[in-house]
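Worksheet: one structure, shown below.
Counting starts at 1 for both ligands and their atoms, in listed order.
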Amino acid sequence: MTQDSTEAIYDANAGSWARRERVLLSDFTARPFVIEELGPLAGAHVLDLGCGEGYVARLVAEAGAASVFGVDVSSEMVQNARKAIPVGSPCAMVFEAGDASVFTTFPRERFDRVMAVFLFNYLTRAQMTAVMRAARERLAPGGHFVFTVPHPCFPYMRPASAPFFFDTEGKSYFAGVDTTYEGKIWRRDGEGVPVRCVHKTFADYFTALAEAGFTALPKLVELKVTEEHVAFDRPFFEPLYGYPLHVLFRVEAPR
Ligand SMILES: C[S@@+](CC[C@H](N)C(=O)[O-])C[C@H]1O[C@@H](n2cnc3c(N)ncnc32)[C@H](O)[C@@H]1O
């Protein structure tokens with residue numbers, strides 16, 4: 001069976017991603033931690049790789065960034081990002097359609113922060129390494145790079161059920177590397193939205209960072225459902241309590 005391209009999936013589902021408040025599971029379990037790790041953002045110039053419809057970019061703008069440049073392979077997502085730029089925002093926000101693994105026409109030589117929020121789960125190891133290299137080259141001295149990915153063990157721990165899963169189709173942790181696992185993540189209103197995970201092992205992320213020229217040991221956070229999430233909406237979050245959902249990496253620009 002031929003797989004739909006990532007671009008086609010996001011063009012078709014752009015409406016389900018458009019949001020002005022926390023809606024998707026990962027808006028609670030991952031993105032607030034991304035904003036925390038990106039900080040302080042006052043006056044920062046930020047590069048958002050795989051920006052989607054700009055949800056995180058808008059949070060970055062709210063946190064006082066001077067500019068955000070986002071690139072995404074789905075032109076529908078980019079159109080929605082442009083439409084959602086807050087009127088009168090002091091942050092200059094620009095979104096362009098393009099493949100982050102080969103993108104070269106950045107509007108600035110250097111950025112204070114680079115982020116890739118759930119981009120690498122759409123890329124092979126080779127494509128991910130190319131993006132990490134671009135992130136390293138574009139990062140200003142003293143800046144840092146933050147990215148999130150599905151936890152490499154998560155697809156192996158969960159049945160195909162709400163509110164989040166990837167189907168490994170019987171592939172093992174090691175044999176499944178660079179294989180695309182189809183999955184779904186749910187919104188709190190009950191809608192399941194298609195996502196995919198080009199599987200990588202934990203070691204693959206460290207190898208790629210080193211090959212891309214990052215020299216510092218990354219900070220790593222294994223993100224999960226917290227007690228606060230469960231207290232807020234038990235039926236939605238409790239099925240995932242105790243599972244490792246996502247991993248956040250933060251790595252400093254090489255000196
Ligand atoms: C799960 S969404 C996350 C969007 C956004 N970062 C967020 O956190 O809301 C993944 C995004 O990565 C984009 N994407 C996938 N492969 C890409 C590529 N090669 N280059 C640029 N964007 C890509 C998809 O189009 C989609 O918008």
Heavy-atom contacts with [X] under 4.0 Å: which atoms of ligand 1 show up? List them by number with element.
| X | result |
| --- | --- |
| Ser74 | 25 (O) |
| Thr6 | 15 (C), 16 (N) |
| Phe118 | 1 (C), 10 (C) |
| Leu119 | 14 (N), 15 (C), 16 (N), 17 (C), 18 (C), 22 (N), 23 (C) |
| Gly98 | 20 (N), 21 (C) |
| Arg31 | 7 (C), 8 (O), 9 (O) |
| Leu123 | 19 (N) |

Considering only protein heavy atoms, which is closest to [atom], and at what distance to one decimal place?
| atom | answer |
| --- | --- |
| atom 20 (N) of ligand 1 | Ala100 N, 2.8 Å |
| atom 1 (C) of ligand 1 | Tyr10 OH, 3.2 Å |
| atom 16 (N) of ligand 1 | Tyr122 CB, 3.6 Å |
| atom 4 (C) of ligand 1 | Gly50 O, 3.5 Å |
| atom 9 (O) of ligand 1 | Arg19 NH2, 3.3 Å |
| atom 3 (C) of ligand 1 | Val117 O, 3.5 Å |
| atom 13 (C) of ligand 1 | Asp72 OD2, 3.2 Å |
| atom 22 (N) of ligand 1 | Val73 N, 3.1 Å |

Any side-chain donor-acceptor pair under 3.5 Å between [X] and [Y]?
| X | Y | answer |
| --- | --- | --- |
| His246 | Thr29 | yes |
| Thr201 | Asp204 | yes |
| Thr179 | His199 | no |

Would you say the rings of Phe206 and Phe249 are close, in the sense that their centroids are separated by under 6.0 Å?
yes
Phe154/Phe164 aromatic ring centres below 6.0 Å:
yes
Ligand 1 versus [X]: contacting region, heavy-atom distance under 4.0 Å:
| X | answer |
| --- | --- |
| Asp48 | neither |
| Phe103 | neither |
| Ser26 | neither |

Considering distance alone, does some N or O of Asp99 sit under 3.5 Å from an N or O of ligand 1?
yes
Please tell me if the side chains of Leu25 and Trp186 come closer than 4.5 Å, counting only heavy atoms from C-beta onward.
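No; the side chains remain at least 4.5 Å from each other.
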Find out whether the Lys NZ or Arg CZ of Arg158 is both under 6.0 angstrom from the six-membered ring centre of Tyr243 and within 45° of the ring's axis.
yes
